[in-house]
A.B. asks: 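Dropping a structure here in structure tokens format, bear with me for questions.
The figures that follow rest on heavy atoms only: side chains count, while hydrogens, waters and symmetry mates do not.
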Amino acid sequence: MMSGAAKYLLKSVIGSVLLMSACNVHVTAPFGGFAKSFLSEVCLIHCQFLMAAIAEECTSKDMAVPNCAGGEVIFPATRVARSSLNVFSTPLAWFRGAVYTVTVEQPAGHDNGVDLRTFLWKGVADRTGKWRWKRNLIESRTLDDRYHTGPSIGIDKYGFIHIAYNMHNMPWQYAVSERPGDISRFEFRGEQLTLKELELVKWKNLTPFPRFGAAAIPGTQITYPAFFNDRKGNLYVTYRFATHPKRTWVDRGFAGAIARYDPDKKIWTAIGGPVVVSSADADLPGGLKSTSIPAFAYKDRWSVYLIHLFFDVKNHMHVSWLWRKGGAGVDCSTPGYACSADSGRTFLRADGTRYRLPITPEESDVVVGGEEVQKFYAPTCIATDLSGSPLLLLNPIGFPRILILPGGAKGKWSQPEKTPDDASVIYTDDEGTQWAFATGITVLRRSVGTGHKWRRVYSDPAGDFGYPKILPVPRKKLILVYAQRMDGSEVKIIGIKTGY
């Protein structure tokens, strides 16, 4: 709903247009030069006053319109399947002015639960600024599995497109484009699955994949893949995987992984410490009796959830994640934090002490609460201020989302503050301005320094989109926002300007 100030401004703008029209039309003949000059000056002053008022209104706390941050619709609302919803996927990429996104859509024929279609899209703005889109079918056997089988995309420094898709405790389903920026042809670099295996996952809730893992990315029984680029364009992927895939469910050891891509050698390397795997834990290659696999975070009979990365202005990697005792489930605990200044060779806590990998729950830099203190939903979000101090967004079960940052003492974390409008995503731009993204879609910002309040700078006219995911494009002073309608039926992409 439009605020009273906004209504006044709208009326004033209309009045200004009429006044300027009068200045331009009626001053020329009936009046002399002095009168014409006087009225023109009045028009100019009036319009300058209005522009100042509008600028002031853009920083008003309760202002939803005008949308000062732009809000250009880059990808129009497009029908999708409900299983296109994945709260942790990375569905956006940018390369040389083109925007890439992914959708899961209804099958071409009858829906049998294993025939949704995964599409990759590429959009380019034409000379008039209108976005033109084309798409390519990646997978026609996508499982109808909301929150899990939605795809993620990333682009390496040479422009090759990487897509991971259709996995819930399954071997890697992963492909790479054959040419930079081209969505038409892909090389599959995962492990092929039969329709029977897909049906076992969907209808029997079975994951009969005991192999050690033979895809281009280490690991097997993968869930929640997400791609991230550092400031130099290097590509990383985070995911959960089973260290002991041959064992019973509770003993599979679901670890958290970070892997880095070498675009020259076209090789993924997992970051972490070794977890021993025997032939009783997995079907090992070449008749091996024992081997090991790197993991970033791991403890037997615990699961690691949703590792999120952020790279600060010095290109230091900041990491957030959660744990869950006893295997998979909704309620997580023990939110952790780590930082690396050397591309993942070493990791530190907020107090500067060094981790030994893989990280365990006992050794985690626990941001707030602990296993017996507080429970959280799995999604987190992390950013930093210009000094590199982290800002961590958490989602406590039964309470509003909170934002936490290091306190005055080194290594101590601050008291939580509620996120504005219960925002689920936080970001800090290269000027230090903090941005928050909430259901609506609503975008808020606050300036550098203490005492600054959050200001609403964009409210989506539709009002019923949520689940925001963002991709900042700093060189363009732009943030891409991927949003899905709350009933799951449509997705769209909005462009938010940061440099106004």
Side-chain angles (χ1 to χ4, degrees), residues 86-95 99-102 150-165 167 172 174 176 216-219 222-241 256-263 267-272 294-297 304-322 336-345 347 378-384 388 390-393 424-430 435 437 468-475 478-482:
N86 183 329
V87 295
F88 191 66
S89 64
T90 49
L92 289 169
W94 170 282
F95 183 71
V99 176
Y100 300 82
T101 193
V102 279
S152 286
I153 53 174
I155 295 185
D156 63 39
K157 62 166 55 178
Y158 296 146
F160 289 91
I161 307 159
H162 300 246
I163 178 167
Y165 54 93
M167 290 178 291
W172 275 106
Y174 162 66
V176 184
I217 308 176
I222 309 300
T223 313
Y224 312 120
F227 292 99
F228 303 89
N229 291 98
D230 69 9
R231 297 282 177 141
K232 298 179 180 179
N234 295 306
L235 184 64
Y236 295 80
V237 65
T238 67
Y239 52 99
R240 190 185 74 187
F241 73 104
I258 304 173
R260 175 176 167 142
Y261 187 65
D262 184 329
I267 293 175
W268 285 96
T269 301
I271 295 170
F296 170 76
V304 179
Y305 270 88
L306 307 189
I307 297 176
H308 193 278
L309 306 183
F310 181 83
F311 294 88
D312 65 24
V313 293
K314 295 181 179 179
N315 205 35
H316 293 174
M317 179 198 302
H318 299 261
V319 190
S320 63
W321 72 95
L322 285 103
Y337 166 78
C339 175
S340 176
D342 53 12
S343 302
R345 287 184 288 275
F347 286 89
T380 67
C381 188
I382 192 167
T384 70
L391 296 83
L392 185 59
L393 187 151
S424 59
V425 177
I426 186 79
Y427 169 67
T428 306
D429 66 27
D430 289 350
W435 297 80
F437 302 82
K469 301 181 182 74
I470 69 165
L471 179 70
V473 188
R475 291 183 179 180
L478 177 70
I479 302 173
L480 300 175
V481 183
Y482 179 101

A.B. asks: Using the ring of each side chain (for Trp, its six-membered ring), is F310 parallel, tilted or perpendicular to Y427, with breaks at 30° and 60°?
C.D. replies: perpendicular
A.B. asks: Are Y236 and L309 close enough, and set up right, to give a side-chain contact (heavy atoms from CB on, under 4.5 Å), and what steps lead you there?
C.D. replies: CA-CA 9 Å; Y236 295 80; L309 306 183; 3.9 Å; yes
A.B. asks: Quick check: does any side chain N or O of N315 sit under 3.5 Å from a backbone N or O of R231, one acting as donor and the other as acceptor?
C.D. replies: yes
A.B. asks: Parallel under 30°, tilted from 30 to 60°, perpendicular over 60°: which one fits the rings of F296 and W321?
C.D. replies: perpendicular
A.B. asks: Mark yes or no for whether S152, through its side chain, and P225, through its backbone, hold a donor-acceptor pair below 3.5 Å.
C.D. replies: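 It does hold such a pair.
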A.B. asks: Could you check Y337 against I382 for side-chain contact (heavy atoms from CB on, under 4.5 Å), going step by step and ending with a plain yes or no?
C.D. replies: CA-CA 9 Å; Y337 166 78; I382 192 167; 3.6 Å; yes
A.B. asks: Nearest heavy-atom pair of A378 and L322: which atoms, and what distance?
C.D. replies: O-CD1, 3.0 Å
A.B. asks: So, for K157 and K232, which heavy atoms are closest and what is the spacing to 0.1 Å?
C.D. replies: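 Distance-wise, the nearest heavy atoms are CE-O, 3.9 Å.
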A.B. asks: Roughly how far, to the nearest 0.5 Å, is the CD1 atom of I271 from the OG1 atom of T238?
C.D. replies: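 One finds 11.0 Å between OG1 of T238 and CD1 of I271.
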A.B. asks: Test side-chain contact (heavy atoms from CB on, under 4.5 Å) on D312 and H318; report intermediate values, then the result.
C.D. replies: CA-CA 8 Å; D312 65 24; H318 299 261; 2.8 Å; yes
A.B. asks: Ignoring hydrogens, what is the shortest heavy-atom contact between G272 and P294? Give both atom names and the distance.
C.D. replies: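 Answer, listing the atom of G272 first, then P294: O-CB, 4.1 Å.
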A.B. asks: Anything under 30° is parallel, anything over 60° is perpendicular, the rest tilted; go ahead and classify F241 against Y239.
C.D. replies: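 Tilted.
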A.B. asks: May I ask you to test the R260-N234 pair for a side-chain heavy-atom distance under 4.5 Å?
C.D. replies: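 Yes, side chains in contact.
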A.B. asks: Between Y174 and H162, how do the two ring planes meet: parallel, tilted or perpendicular, split at 30° and 60°?
C.D. replies: parallel
A.B. asks: Rounded to the nearest 0.5 Å, what separates atom CD1 in I479 from atom CG in D429?
C.D. replies: 7.0 Å
A.B. asks: Looking at A257 and I307, what are the two nearest heavy atoms and their distance?
C.D. replies: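 Reported closest heavy-atom pair: N-CD1, 3.6 Å.
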A.B. asks: Can you see which heavy atom on A259 is nearest to which on I217, and at what distance?
C.D. replies: CB-CG2, 4.5 Å
A.B. asks: Would you compute the distance between atom CG of L92 and atom CD1 of I153 and round it to the nearest 0.5 angstrom?
C.D. replies: 6.5 Å
A.B. asks: OH of Y261 to CD1 of I155: how many Å apart, nearest 0.5 Å?
C.D. replies: 13.0 Å
A.B. asks: If you measure from CZ on F228 to CZ on F311, what distance do you get to the nearest 0.5 Å?
C.D. replies: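 These two atoms lie 8.5 Å from each other.
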A.B. asks: Test of understanding: with salt bridge (Lys or Arg N to Asp or Glu O under 4.0 Å), list the residues that count as partners of D262, not counting sequence neighbours.
C.D. replies: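 In terms of salt bridge (Lys or Arg N to Asp or Glu O under 4.0 Å), with neighbours along the sequence ignored, D262 is linked to no residue.
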A.B. asks: May I have the step-by-step check of side-chain contact (heavy atoms from CB on, under 4.5 Å) for L235 and W268, ending in yes or no?
C.D. replies: CA-CA 10 Å; L235 184 64; W268 285 96; 3.9 Å; yes
A.B. asks: Kindly compute the distance separating OG1 (T384) from CD1 (I426), expressed to the nearest 0.5 Å.
C.D. replies: 11.0 Å
A.B. asks: Could you tell me whether the side chain of R240 and the main chain of L306 form a donor-acceptor pair under 3.5 Å?
C.D. replies: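 Checking the backbone N and O of L306 against the side chain of R240, no donor-acceptor pair under 3.5 Å is found.
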A.B. asks: Can you name the nearest heavy-atom pair linking S89 to G150, along with the distance?
C.D. replies: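 Smallest interatomic distance, heavy atoms only, reads CB-O, 4.5 Å.
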A.B. asks: Any side-chain heavy-atom pair from S424 and C381 closer than 4.5 angstrom?
C.D. replies: no
